[in-house]
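From a predicted model like this one, the values you see are computed outputs, not experimental measurements.
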Amino acid sequence: MSTNAENQPAETFLTNPDFRDRLRELPPSAKLVAKVLDDESPLSQGQLAQESLLPDRTVRYALNRLEEADLVNSRYSFHDARKQVYFLIE
């Protein structure tokens, strides 16, 4: 016997209507970076470029647009303090 909770998809940032509305006005590269961060987070800029198959410059632009929209934040990596990692925020 299964319950309804087992059949429901996990709650993610991209299922949040407010988050989606703010993301809607951004360029496609920012939407792709947000999707990658929704799946795996936190990631460095290089990891985002690798996962999204976007050039580094495009990832930088997408991250800047996401930060301006208050959808992403960054912190220094615990593994390498020279790098910043990015994650989605509500």
Residues two or more places apart in sequence or in another chain: which of them pass side-chain contact (heavy atoms from CB on, under 4.5 Å) with [X]?
| X | value |
| --- | --- |
| E40 | L43, E51 |
| T58 | S29, L54, P55 |
| R22 | D18, F19, D70, L71 |
| A30 | L26, P27, A62, L66 |

Who passes salt bridge (charged side-chain N to carboxylate O under 4.0 Å, His left out) against [X], sequence neighbours left out?
| X | answer |
| --- | --- |
| D38 | none |
| K35 | D39 |
| R24 | D21 |
| R82 | D80 |

**Request:** Run through the side-chain heavy atoms of Ile, Leu, Val, Met, Phe, Trp and Tyr, join any pair under 4.5 Å, and report what else lands in I89's cluster.
**Result:**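 In the cluster with I89 are F87.
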
Quick check for you: to the nearest 0.5 Å, what is the distance between [X] atom [atom1] and [Y] atom [atom2]?
| X | Y | atom1 | atom2 | result |
| --- | --- | --- | --- | --- |
| R60 | Q45 | CZ | CD | 5.5 Å |
| L48 | Y86 | CG | OH | 8.5 Å |
| L63 | L37 | CG | CG | 7.0 Å |

**Message:** Taking ring-ring contact (aromatic ring centres under 6.0 Å, His included) as the cut-off, I'd like each qualifying pair that reaches into residues 29-51, sequence neighbours left out, listed once.
**Reply:**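 Found none.
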
**Item:** Pairs flagged by ring-ring contact (aromatic ring centres under 6.0 Å, His included) wherever residues 33-56 is involved - sequence neighbours left out
**Value:**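 Non-adjacent pairs meeting ring-ring contact (aromatic ring centres under 6.0 Å, His included): zero.
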
**Prompt:** With E68, which residues qualify under side-chain hydrogen bond (donor to acceptor under 3.5 Å, both in side chains), at least two apart?
**Reply:**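 If we apply the side-chain hydrogen bond (donor to acceptor under 3.5 Å, both in side chains) test to E68, skipping adjacent residues, there are no hits.
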
**Asked** Taking it one step at a time, do Y61 and R65 satisfy side chain to side chain donor-acceptor pair (under 3.5 Å)?
**Response** CA-CA 6 Å; Y61 173 74; R65 295 296 306 269; 2.8 Å; yes

Considering non-hydrogen atoms only, spot the tightest contact between [X] and [Y] and give its length.
| X | Y | answer |
| --- | --- | --- |
| A49 | V59 | CA-CG2, 3.7 Å |
| V85 | S77 | CG1-CB, 3.9 Å |
| Q47 | P42 | OE1-O, 4.5 Å |

